Every structure is written in structure tokens, then in C-alpha cells.
Amino acid sequence: MMGPMKELDIFHAGGSFIRPKKANFGVNFLTAVKKRYGLSDDWNETLVIGKKTVELVGFESVQEEQSQLDMLFDISVRECTVSHAGQKGEIHSSCPNISTLNVSKNLLSSWDYVADIVSQLEKLKTLDLSENKISLPSNPSSLATSFEKLTVLSLNRTGVTWNEVLHCAVMWPALEELHLASNNITSLERPVNCLQSLTLLDIANNHIIDGNQLHAIADLPRLKQLILSCNRISILNFTVQHGGCTNSFASLNSLSVDGNNISQWSFINELNKLRNLQSFNCQNNPFMDSDKNPETIRQLIIAKIARLKVLNKTEILPQERKGAELDYRKMFGNEWLKSGGNQNADLNKPSLEFLLEHPRYSELIEKYGAPDDAEFRQQQPFALKNQLLTLTILCPNKPDQKPIKKKLPDSMTVQKVKGLLYRLLKVPGSELRLSYESSKMEGKEIELENDLKTLQFYSMENGDSVLVRW
């Protein structure tokens, strides 16, 4: 048998030799907590009773420390060299109220060590284990009771693969949020009898190339938010009949694909098949960097995804959606006509190729009517006469005020219209409230609520009426 190791002895670890004094074997959890939060074990006080001096080792200070530890709910011991739990039961007796714990970038190498800590924190809901290199458990189901109340888990930069996640997932029966960013994940497999309670999955900054890999997680019944930013995804397909919705991602209402390789509008078309998608982030993709201006691209996305309410973290107001859909209908009107479209419903037979490229176009015609002849004429953007709108100005609350007809450029802002009305009506612009009625949709009034937006933004057309109130 070998004797005690001498100072000059060396350890062999991970393919290299290190001296014991240079090796860091870590500290227990409670030691890290006390150090991080300014609590110390070295409290020695003295008390004189008669002629005798009695040493009290942290008598009152221990009580004070215990009180402070009891008050810890959300703590971080990130990068504090935590490697193990310490003495059995001391975490539970010292800080039982912790509900959120960050132990990222430590020396936790085993799920058994993690379970030793977590099992003593009965109120723990959120756990961040990012940047720890944790080996796979041989029997993960045996550790499930330790994590049975855990709802949020972060394993960013741990080197874990998707298959390893599935191997461990039986340990997290109540998990609702799982963060797996920056793990070089390249493929996905279908979760079987696990992860069924997930509402958020973050697999940003990985190496997923084929968007159809996502079908593996498409049946997670409660998944509401999917973060796929900074992967290499370029395509996505859902097989459904034209105009129908897929049963995949039935609960998904938020999708982030910033920083991928999406270059085709067909990807955006596919998203309209998701029956509950309301929020979409797609910055820094090739199709966003096309020759079209950012405002036009935004309008195209809005028009293509019917149920979208937030795009790139900006709310889509009802008038913006209407404007985007009317502009889309006008923009592709000539293509629709050439493909077999017709204003006569009985003769309207656009080609399958057109419908695949513009799957919502028929729906927009049903909603707003077919484009009229004037909308089919080629626009001449630099000719002022083609940018002038003939509008009727009405004052509903002032019956004595006669209607006024004016020709205004569609690039005119609402603020400048108010300036014009001040000169016409002698009413300060700050007191005016403007709205308009479309000549094609009688009885539907749309408020012009943003002074900085143009008439074109609100999709105003020849023959529309501006309603002025004060």
C-alpha cells in the first residue's frame, strides 16, 4: 500500500500532471455562500463572569448568521469553486428558503453532487448550472426526487448534447423552462415520456442547420416559446393543405430566429401555418438584408403571417396590419392577374405557383376585395401626380362646415395635415383629432393617431374621407 503523498508528489489529471498545491478541489456549498455574502466562520467573543473569562465561539454571531441565511431567497455563487454539498443536512438547516440558485461556472462534476445540494433546498424552483462540466448519471431516475420541484434549468455552455439532455430529462419531471445555449448541438431527437411540461426551450447559439430537425420537438404539448437565435437554419416545411394550419407546435406563440441563414420568403410563408404564433423575431437574416427597405420588409412579414401581433419586439397595431395587407395586395396585384387571377370571382383562377408563393393572397382578396384597375397601373414613384391623393375633409361634429376637397401628397405626415387644417379651420392642431374612412369600406373609421406617420403608412387612397373633430 502506498504511503501518504509527499509534497513533491504529483497527480495525473486529464492527461497532464499537476502539483497538489496548484490543484483546486473546490469548496462546499455553504462555505461559498458565506464567503459571497460576507458571512464568516471566525467569530470568537469573550464574556467575563466574576474573575473567569469564558470564550463564546460565535454565540450571538451564529444566531445573527443564521438569521441572515434564512433570509436568502435568490442567491448566486457563480465562479466560487463549489464542488460538493458539504456535511449532510447543513444546507437545509442553514438556508432552507432559497428558491433561485445560480451555481454556474463552478467545479460541479457529477449530477450526484448537484442532487446532494438541491435535495436540501425544498423551495428551489430555478437552477443555473451553466459552465459546469457534469458527467452523465448512470441512473438518472434515482435522482428525480431531488429535482421534482424544479421548473427552470439552465445548462448553457456545459457541452451537453441533445441526446444527453434526453438521457437526463427523467430527473426533471416538472421542468417548464430549459436553457441550452452555446452547446454545439447539431441535431434533435423526439422526447419520449419526458420534457412534456416544457413551456420554453432555448437552444440559441448552437449548430442546427436543417430547420426540419425541429419536427422532433413539434409535439411538445405545452411549448409556448422557442428560441433558435444564432443557429444556421435556412429552411422549414410543414405538410398541410393550402391555407390550412399544422398540428405541429400547437401551443407555440413566440419564435426567435435572429441570426440564422434564412434567405427565402418561403420560410416566412410556412410560419403562417402555426395556429398560435403571435410574436416573431428574425433580425440579422439574409432576407432582412435584401434591397428592400426595412419598413417594406416589415410590412411583407406582417402581411404573410396573419395572427402575428409582435414583430422584432415591436407591437403590430391594427392600422399597421391593415396598411401592410392592403399594400401587399396592391404590390403583387399584377403578378396575381398574370397568373390567372381575375376581379370576377367566377373567372379567378390564379396558378398554383402563385398561390404557393403568396399563400395569403386569396384570403386578402376575400377581406378587402380584388384590386381595382387603378391599382394595376405601374407606379411612377418620382412623378408627383401619381403620389397625390384626392381627399374629402369632413367635420362630423360641425354640420355647418361644408366638405372640403383637397389634393395631398401621400408622403404628407399627419402633423402637416393638422397644420393645413389649422389654416383652413382656424383650430389649433393640438386640439384636432383625425381619422379617416376608406371609400371601399364605408362605415369603418380608422384613427390617425401618430402625428409622425404619413398618409401612405395608413394606406389612404383616392376618394377617402378625412374626419376632423375638436
Side-chain angles (χ1 to χ4, degrees), residues 293-303 308-331 333 364 367-377 379-470:
N293 70 59
E295 188 62 35
T296 300
I297 292 173
R298 178 177 171 85
Q299 285 189 305
L300 289 172
I301 297 171
I302 292 170
L308 209 59
K309 294 182 178 179
V310 179
L311 176 57
N312 291 325
K313 300 180 180 178
T314 301
E315 184 181 3
I316 302 167
L317 298 174
Q319 59 265 35
E320 182 180 14
R321 171 161 292 284
K322 184 193 174 190
E325 292 178 343
L326 284 171
D327 284 352
Y328 188 94
R329 168 181 155 276
K330 186 189 301 184
M331 186 182 299
L364 297 180
K367 188 174 182 179
Y368 301 109
D372 58 31
D373 292 338
E375 292 176 289
F376 288 130
R377 298 186 190 126
Q379 295 292 317
Q380 298 177 28
F382 300 109
L384 183 60
K385 65 180 181 180
N386 288 332
Q387 296 178 341
L388 289 177
L389 304 175
T390 301
L391 304 173
T392 303
I393 298 171
L394 303 173
C395 302
N397 297 343
K398 306 289 181 181
D400 295 337
Q401 177 68 50
K402 294 181 180 179
I404 303 172
K405 282 196 178 288
K406 279 288 179 182
K407 288 188 176 181
L408 304 178
D410 63 2
S411 59
M412 194 172 193
T413 65
V414 173
Q415 190 172 43
K416 289 184 177 179
V417 173
K418 287 182 176 180
L420 171 67
L421 292 170
Y422 169 67
R423 293 193 294 274
L424 292 174
L425 304 172
K426 307 305 179 188
V427 179
S430 59
E431 297 181 17
L432 297 176
R433 291 186 296 110
L434 306 188
S435 57
Y436 85 93
E437 273 188 2
S438 170
S439 57
K440 297 175 182 176
M441 301 176 68
E442 290 186 19
K444 188 169 184 179
E445 192 173 329
I446 297 168
E447 190 175 352
L448 303 176
E449 61 182 6
N450 191 330
D451 284 356
L452 302 180
K453 295 295 185 181
T454 64
L455 301 181
Q456 183 184 44
F457 171 81
Y458 288 104
S459 298
M460 293 184 68
E461 300 177 334
N462 274 320
D464 290 351
S465 298
V466 178
L467 308 180
V468 186
R469 295 181 176 88
W470 65 91

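We're numbering straight along the sequence, starting at 1. Computed from a prediction, not measured in an experiment: that's the story for all the values here.
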* Report the distance from atom CD of Q415 to atom CG of L420, rounding to the nearest 0.5 Å. => 13.0 Å
* Any side-chain heavy-atom pair from L388 and L408 closer than 4.5 angstrom? -> no
* Spacing of CG belonging to L394 relative to CD belonging to E437, to within rounding of 0.5 Å -> 8.0 Å
* Just one of R329, E325, K330 clears the side-chain hydrogen bond (donor to acceptor under 3.5 Å, both in side chains) bar with Y368, so which one? -> E325
* Would you mind reporting whether V466 and M460 have side-chain heavy atoms less than 4.5 Å apart? => yes
* Distance from L391 atom CG to I404 atom CD1, nearest 0.5 Å? -> 12.0 Å
* Atom pair CD (Q456) and NZ (K453), whose distance is rounded to the nearest 0.5 Å -> 11.5 Å
* **Short side-chain to backbone donor-acceptor contact, S459 and G323, under 3.5 Å** => yes
* Asked: Between K405 and T392, does a side chain to side chain contact (heavy atoms under 4.5 Å, CB included) hold up when you go through it step by step?
  -> CA-CA 4 Å; K405 282 196 178 288; T392 303; 3.0 Å; yes
* Under 3.5 Å side-chain donor-acceptor pair for K407 and T390 -> no
* To do: Please report the closest heavy-atom contact between R469 and P396, naming both atoms and the distance.
  => NH2-CG, 3.7 Å
* Passes side chain to side chain contact (heavy atoms under 4.5 Å, CB included), L425 versus K398? Steps please. -> CA-CA 11 Å; L425 304 172; K398 306 289 181 181; over 6 Å; no
* **Exercise: identify the closest heavy-atom pair between Q401 and C395** => CG-SG, 3.6 Å
* Asked: Nearest heavy-atom pair of Y458 and E449: which atoms, and what distance?
  -> OH-N, 3.4 Å
* What pair of heavy atoms forms the shortest contact from G333 to P371, and how long is it? -> CA-CG, 4.5 Å
* Minimum side-chain heavy-atom gap K416-P409 below 4.5 Å -> no
* If only atom types and distance count, is the side chain of R298 paired as donor or acceptor with the main-chain N or O of N312 below 3.5 Å? -> no
* Are the side chain of D327 and the backbone of A324 linked by a donor-acceptor contact shorter than 3.5 Å? -> no
* **Where D451 and T413 come nearest, the two heavy atoms and their spacing** => O-CB, 3.6 Å
* Structure fact -> Scanning both residues in full, the closest heavy-atom pair of K426 with R423 reads NZ-O, 3.3 Å
* Structure fact -> Value for CZ (F457) from CD (E320), rounded to nearest 0.5 Å, stands at 4.5 Å
* Could you tell me the separation between the CG atom of L308 and the CD atom of E315, rounded to the nearest 0.5 Å? => 11.5 Å
* Heavy atoms of other groups near Y422 OH, more than 12 under 6.0 Å -> no
* Non-hydrogen side-chain atoms of V468 and V427 separated by less than 4.5 Å -> no
* To do: For the residue pair Q319 and N450, establish whether any side-chain heavy-atom pair is separated by less than 4.5 Å.
  => no
* Asked: Would you say L389 and D464 make side-chain contact, with heavy atoms under 4.5 Å?
  -> no
* Exceeds 12 heavy-atom contacts within 6.0 angstrom, atom CZ of R433 -> no
